[in-house]
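Encoded as structure tokens, the structure appears first; notes follow it.
Any value given below was found using the heavy atoms of this structure, including those in side chains, with hydrogens, waters and symmetry copies removed. Throughout, a chain's letter reflects where its sequence line sits, starting with A, and its residues are numbered from 1.
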Protein chains: 2
Amino acid sequence: MSSIDTELANTIRWDIIDGTFAHGARLTEAKLCDSHNVSRTPVRLALRRLEQEGMIRKGEGRGYVVEEVTVEGIKQAVQVRGHLESLAARLMAQSKNKPQDLDRMALAIERIEALIDQGSLDDETLTKMHAENFTFHSTILNGCGNSYVKFTCDQISHLPMLASGSMVFDRDSIDGKKDIDKTILRLKIGNSQHRIIYKAIEQEDPVRAEGMMREHSNTMIEYIEVFEHRNTKLTVRDLVSYSVQGKPDKESQKTGTGN
Amino acid sequence: MSSIDTELANTIRWDIIDGTFAHGARLTEAKLCDSHNVSRTPVRLALRRLEQEGMIRKGEGRGYVVEEVTVEGIKQAVQVRGHLESLAARLMAQSKNKPQDLDRMALAIERIEALIDQGSLDDETLTKMHAENFTFHSTILNGCGNSYVKFTCDQISHLPMLASGSMVFDRDSIDGKKDIDKTILRLKIGNSQHRIIYKAIEQEDPVRAEGMMREHSNTMIEYIEVFEHRNTKLTVRDLVSYSVQGKPDKESQKTGTGN
DNA sequence: ACAGACCATTTGGGATCCCATAATTGGTCA
DNA sequence: TGACCAATTATGGGATCCCAAATGGTCTGT
């Protein structure tokens, strides 16, 4: 249990993301105090945090207004994150002394492969897969030698699907066992990209590492676009339901990769 | 005049940057209340802001400790920013409907050229040049179509030389009229890079736009390294004194480019 | 003399109060 | 009837108070 203001910020953030607070709605300190039964101090801290995250901004005159969170915005943020990850991959490929990091990445790749080969995509498997994906991506961010890359990524990781290692799945297909082959193929392709990134970094090929990571990031954007194509009224809320790692109440990225 | 907590955050931030608060120093709310004669509410808001900026972090038990701001860290942040700007350049090259933005960029380039051709690098000229440089770079960030690029850049712009359009000069050379030719040459090269970026964007050549912007960003890093080579004990404070736009107490980037 | 427990002081989180000011409403005058 | 001005209210910023938790030092018992 964190402090009240942190919890409050999380609550409000998700109220904004899932549409409880509509775009343009005005937030006043007093209302939030009343509805959450807390005093104004934590409310003010929470609002300040959300303002810095860009979820809300000072309105004209008084009060805050909630910013719009759109599918397009998520895609843009994923693009930014992917671009930063590609920088990390390039830098890591140029760096020396990374055997430990490489080992951890290789292990994550093998474990993901094993999980895919199980053939069943239940929640437990997805959770494990996400953990390994998280390990792979965080290792690169942490091991690239430029700590600002990770810092900057974390700065935007409050948005859905922006946390390190986030994955998007077609839950309809998984739950209904429909098109499961297509989903598994997608996962296999994703992990093969992991292999290429690993190899490029290991062989100190920065251009290939950067390019492959960029491609890998594009995968998520394209997958989101598949959803958009299938459902032209796709909401951010829908998108969240398709992602592994629901409400990230636990700040899992704090632990990092342990190095 | 902003609110007290904003001013306080600015003050503490610069105390950290210029070394008044040493790396690892503990900040307690009570001390800051006492030394700045304010109550704990604004202090807490200021500390929260600085924490999110990464300038300080929660210590082991109680209190905050100041993070180290090093020349190496600045270089890393400049690299991140440059990488994001190269994404912006690529995206803008791919986009349509940007004649206004292109006009503004062309105008900035010509004005910078005119300022360089004056041959004298007094403070007023540098300030004007910085303004044009700011226009050029912000126009790309704002006009690339991905608003998260600009947002993410702004997230790290509290560090010295990270604000949009920041420039680094060899003040020793300027004040003492020594090596002024070398400085002018450097400026001319920088502006020629501007021209190439402009041309690539105008001709919708994303690869060239991205590559040239990356090169343009590297220029600042290399320039910093020139200073490091000349003075092996170069401090962040020294670096700040070499940059145009001292303490950015005025949040000049708020105005943007007007679109 | 050393170890463990206990107490005091420090410190941070939260609640409440006060005040300045922006927004709104109502009234009056042209 | 419409516009302008004043009074009231809503709201946010800052100050102060209270409480819980943690830290450090001391005291006592073995």
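Running 5' to 3' along DNA chain C, contacts with non-hydrogen atoms of chain B at under 4.0 Å begin and end at dT11(C) to dG14(C).
In summary, the side chains of Ser147(B) and Gln76(A) do present a donor paired with an acceptor at a separation below 3.5 Å, with no hydrogens or angles considered. Side-chain atoms of Gln79(B) and Ser217(B) include no donor-acceptor pair closer than 3.5 Å. Between the side chains of Thr135(B) and Arg111(B), no donor N or O sits under 3.5 Å from an acceptor N or O.
Considering only residues two or more places apart in sequence or on other chains, Lys31(A) meets the side-chain hydrogen bond (donor to acceptor under 3.5 Å, both in side chains) condition with none of them. The side-chain hydrogen bond (donor to acceptor under 3.5 Å, both in side chains) test applied to Ser241(B) returns no partner, not counting sequence neighbours.
Counting only distance, with no hydrogens or angles, the side chain of Lys58(B) and the backbone of Gly63(B) share no donor-acceptor pair below 3.5 Å. His23(B) places no side-chain N or O within donor-acceptor distance of the main-chain N or O of Val69(B), the cut-off being under 3.5 Å.
Nucleic acid contact class of Leu8(B) (heavy atoms, under 4.0 Å, all strands): none.
Axis orientation changes by 10° from one end of the helix from dA1(C)-dT30(D) to dA30(C)-dT1(D) to the other, with each end axis drawn from 5 pairs and the value rounded to 10°.
The aromatic rings of Phe134(A) and His130(A) sit parallel, their planes meeting at an angle under 30°, below the 60° perpendicular limit. Relative ring orientation between His137(A) and His194(A) is described as perpendicular, the plane-to-plane angle rising above 60° on a 0-90° scale split at 30° and 60°.
Each of Val80(B), Val149(B), Ile140(B), Leu141(B) was evaluated against Glu85(B); a single residue qualifies, Leu141(B), per the side-chain contact (heavy atoms from CB on, under 4.5 Å) test. Remark: of the listed residues Ser164(A), Ser166(A), Ser157(A), Ser86(A), Ser164(A) is the sole one forming a side-chain hydrogen bond (donor to acceptor under 3.5 Å, both in side chains) with Arg81(A).
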Protein-nucleic acid N or O pairs under 3.5 Å, nucleotides 7-11 of chain D:
{"from": "dT11(D)", "atom 1": "O2", "to": "Arg62(A)", "atom 2": "NH1", "distance (Å)": "2.4"}

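Residues from residues 40-48 of chain A placing a heavy atom under 4.0 Å of any atom in DNA chain C, listed by number, are Arg40(A), Thr41(A), Pro42(A).
Heavy-atom neighbours of Asn231(B) CG from other residues, nucleotides or ligands within 6.0 Å: above the threshold of 12.
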